[in-house]
Amino acid sequence: MGNVTSKPKVEASSSVKWRRRARFVRSRTREVLKIAKALVSTKHPFLVHIIPMRRCNLDCGYCNEYDDVSKPVPLEEMKRRLDLLADMGTSMITISGGEPLMHPELEEVIRHMRKRGIYAGMITNGFLLSKERIAKLNDAGLEFLQISIDNVTPDEVSKKSLKTLDSRLEWLSQFAVFQVNINSVLGSGVKNPEDALTIAKRAVELGFTSTVGIIHDGEGQLKGLNPRQIEIFEEIMSMGKSSFSRFNDFQHNVARGKEHNWRCRSGSRYLYICEDGLVHWCSQQRGYPGIPLDQYTPEMRHREYYVEKYCAPKCTVSCVQQVGILDNWRGKQTLKPKPMAPPPVAAGQLVQIGAPGPQR
């Protein structure tokens, strides 16, 4: 696509800049307060990923988190799940997929999150963004958006390229009042590791934060980088604004293929809620515990806090790792996973007919 950074500089209007600063201050203040709350108490989830739409408009070769047939979760059901999470004391929720922008009532989902006092984030491939959609996300109260870009030009593995997305990035730079992070990738399947550096530089140029992820295997486990990839990784990590990940060395261990000693709090401080409304450890360990959210008790969360996860040493799922920072210094994990079942239905309580089946 040529030299992306040679494009004319894009500039947000003064009103957008003012709204952006105001939302940043409010969001950062709320984030700090939620972190403080999490340090004081371990009894509530800190971060939840929730899936309103498993369907995706792309079919990236490495991805195991989408299909091309699923219908969107109805708005009222999404609100019910968000209410359950809010009642648990959940601090932050990130909407993911599939592709969440395919959900026809996504902005109402975001509004409900904000109404319940939850920090609202989203992960998207960015293809369905437009100036009009960005304005709607602004009005809904979105606080954070992340786009992962895999290469500079599309290939047979991924169409999430700088070439195809750069115009949308410019729109975000001009019109978005929420924080935007661009995540580039390194590792297995990435043909040209230099692409990650090009993407990161473009992100910083447009005023976004920049992070780099390492592509994991089908179970979210690490594969170390080669020496040149490590150099690129370290350069990207040192670019631009600081982030929560700077407080943890797990990404540096992952880059070198080293096991990381930490305490994974998935199932407790971090929850992954699939489109069927079931609780899972994370996107790469779907199937356990597999309990419906409305039957996932505080006792279950408490137990999972102390469960040692077999997959933790080689995990590359950065959001779960970052949540672990809150509690790595306390709560030694001495329990092992065990089969979990929903609590029995009380006498006289209605039983849902046609409950969601097992996760795909």
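- By the 30° and 60° cut-offs, the orientation of the rings of H260 relative to W262 is tilted.
- Without hydrogens or angle criteria, K17 side chain to E11 main chain gives no donor-acceptor distance under 3.5 Å.
- Qualifying side chain to side chain donor-acceptor pair (under 3.5 Å) partners for K336, counting only residues two or more places apart in sequence or in other chains: E308.
- Rounded to the nearest 0.5 Å, atoms CD1 (I110) and CD1 (I95) are 4.5 Å apart.
- Here K9 does not pair with E205 in a salt bridge; the nearest charged N to carboxylate O distance is not below 4.0 Å.
- Using a 4.5 Å cut-off between side-chain heavy atoms of Ile, Leu, Val, Met, Phe, Trp and Tyr, with links allowed through other members, M88 and L33 fall into different hydrophobic clusters.
- Other residues, nucleotides and ligands place no more than 12 heavy atoms under 6.0 Å from the NZ atom of K43.
- When the options T90, L82, V323 are evaluated for a side-chain contact (heavy atoms from CB on, under 4.5 Å) with V48, the one that passes is T90.
- Atoms OG and CE, on S27 and M92 in that order, are 9.5 Å from each other to the nearest 0.5 Å.
- Listed by chain and number, the residues in a ring pair (Phe, Tyr, Trp, His ring centres under 6.0 Å) with F233 are H252 (sequence neighbours excluded).
- Atom CD1 of I50 is separated from atom CG of L293 by 7.0 Å, given to the nearest 0.5 angstrom.
- Within a 6.0 Å sphere centred on NZ of K34, other residues, nucleotides and ligands contribute more than 12 heavy atoms.
- The salt bridge (charged side-chain N to carboxylate O under 4.0 Å, His left out) analysis of residues 322-331, with sequence neighbours excluded, yields the pairs R269-D327, D327-R330.
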(message) Using side chain to side chain contact (heavy atoms under 4.5 Å, CB included), reason through W281 and C264 one step at a time and then give a plain yes or no.
(response) CA-CA 9 Å; W281 273 355; C264 175; over 6 Å; no
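- Salt-bridge check for E31 with R28: passed, with a basic side-chain N closer than 4.0 Å to an acidic carboxylate O.
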(request) Take R301 and E304, measure what salt bridge (Lys or Arg N to Asp or Glu O under 4.0 Å) needs, and give me the verdict at the end. (result) CA-CA 5 Å; R301 297 202 313 270; E304 286 300 317; over 6 Å; no
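- Formation of a donor-acceptor pair under 3.5 Å by the R30 side chain with backbone atoms of G117 is found in this model.
- Counting only residues at least two apart or in different chains, salt bridge (charged side-chain N to carboxylate O under 4.0 Å, His left out) contacts with residues 86-109 comprise D87-R116, E107-R133, E108-R111.
- In this structure, L335 is a member of the same hydrophobic cluster as I291, with clusters built from ILVMFWY side-chain heavy atoms closer than 4.5 Å.
- Minimum heavy-atom separation, R54 to C274: NH2-CB, 4.0 Å.
- One side chain, S15 or S13, offers a donor N or O that lies under 3.5 Å from an acceptor on the other.
- Contacts classified as side chain to side chain donor-acceptor pair (under 3.5 Å) and involving residues 171-186 (residues at least two apart or in different chains) are given here: Q146-N181, S148-N183, N181-T209, N181-T211, N183-T211.
- Ion pairing of K163 with D155 is absent here, as no side-chain N (NZ or NE/NH1/NH2) approaches a carboxylate O to less than 4.0 Å.
- Geometrically, R265 engages Y305 in a cation-pi contact defined by less than 6.0 Å to the ring centre and at most 45° from the axis.
- Remark: L186 CG to I230 CD1 distance equals 10.0 Å, nearest 0.5 Å.
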(request) Kindly indicate, with the supporting measurements, whether the criterion salt bridge (Lys or Arg N to Asp or Glu O under 4.0 Å) is fulfilled by D139 and R114. (result) CA-CA 11 Å; D139 293 342; R114 292 300 308 275; over 6 Å; no
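- Between A38 and L326, the closest heavy-atom pair is CB-CD1, 3.8 Å.
- No path of Ile, Leu, Val, Met, Phe, Trp and Tyr side chains, each step under 4.5 Å between heavy atoms, connects I123 with V180, placing them in separate hydrophobic clusters.
- K71 has its side chain out of reach of E275: every pair of non-hydrogen atoms, C-beta onward, lies at least 4.5 Å apart.
- Scored by the ring pair (Phe, Tyr, Trp, His ring centres under 6.0 Å) test, F24 finds no partners at all (sequence neighbours excluded).
- Under the 4.5 Å side-chain heavy-atom criterion for grouping Ile, Leu, Val, Met, Phe, Trp and Tyr, F175 is connected to L129 within one hydrophobic cluster.
- From L165, atom CG reaches atom CG of L172 across 9.5 Å, with rounding to the nearest 0.5 Å.
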(message) Q285 vs S266, test: side chain to side chain contact (heavy atoms under 4.5 Å, CB included). Steps then yes/no.
(response) CA-CA 10 Å; Q285 299 295 338; S266 60; over 6 Å; no
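- Between F208 and I182, the shortest heavy-atom contact is CD1-CG1, 3.6 Å.
- Put simply, the side chain of L169 does not reach to within 4.5 Å of the side chain of V10, judged on heavy atoms.
- Using a distance-only test at 3.5 Å, with no hydrogens or angles considered, a donor-acceptor pair links the side chain of Y288 to the main chain of K338.
- Checked against side chain to side chain donor-acceptor pair (under 3.5 Å), R21 has no partners two or more places apart in sequence or in another chain.
- Closest approach of K159 and T164 over heavy atoms only: O-OG1, 3.0 Å.
- Between H44 and K37, the closest side-chain pair of non-hydrogen atoms falls below 4.5 Å.
- A heavy-atom distance below 4.5 Å is not found between the side chains of E143 and R26.
- Minimum heavy-atom separation, F144 to F178: N-CB, 4.2 Å.
- Every residue was checked against the ring pair (Phe, Tyr, Trp, His ring centres under 6.0 Å) condition with F127, not counting sequence neighbours, and none meets it.
- Using modelled atom types, one side-chain atom of Q321 and one backbone atom of C315 make a donor-acceptor pair closer than 3.5 Å.
- Listed by chain and number, the hydrophobic cluster partners of V16 are V177, where partners are ILVMFWY side chains within reach of under 4.5 Å, directly or through others.
- With sequence neighbours excluded, the residues satisfying side chain to side chain donor-acceptor pair (under 3.5 Å) with E77 are R80, R81.
- Taking 4.5 Å as the limit, every side-chain heavy atom of S91 sits out of range of all side-chain heavy atoms of Y119.
- S161 and I149 make their closest contact through C-CG2, 3.7 Å (heavy atoms, listed as atom of the first residue, atom of the second, distance).
- Residues L271 and H49 fail the side-chain proximity criterion, which asks for heavy atoms closer than 4.5 Å.
- In this structure, N192 contributes its side chain and E194 its backbone to a donor-acceptor pair below 3.5 Å.
- Taking 4.5 Å as the limit, some side-chain heavy atom of M122 sits within range of a side-chain heavy atom of L137.
- A search for side chain to side chain donor-acceptor pair (under 3.5 Å) contacts involving E170 returns R202, not counting sequence neighbours.
- Under the rule for a ring pair (Phe, Tyr, Trp, His ring centres under 6.0 Å), Y272 has no partner lying at least two apart in sequence or in another chain.
- Put simply, NE2 on H112 and CG on D83 are 3.5 Å apart, with the number rounded to the nearest 0.5 Å.
- P100 has its side chain out of reach of M53: every pair of non-hydrogen atoms, C-beta onward, lies at least 4.5 Å apart.
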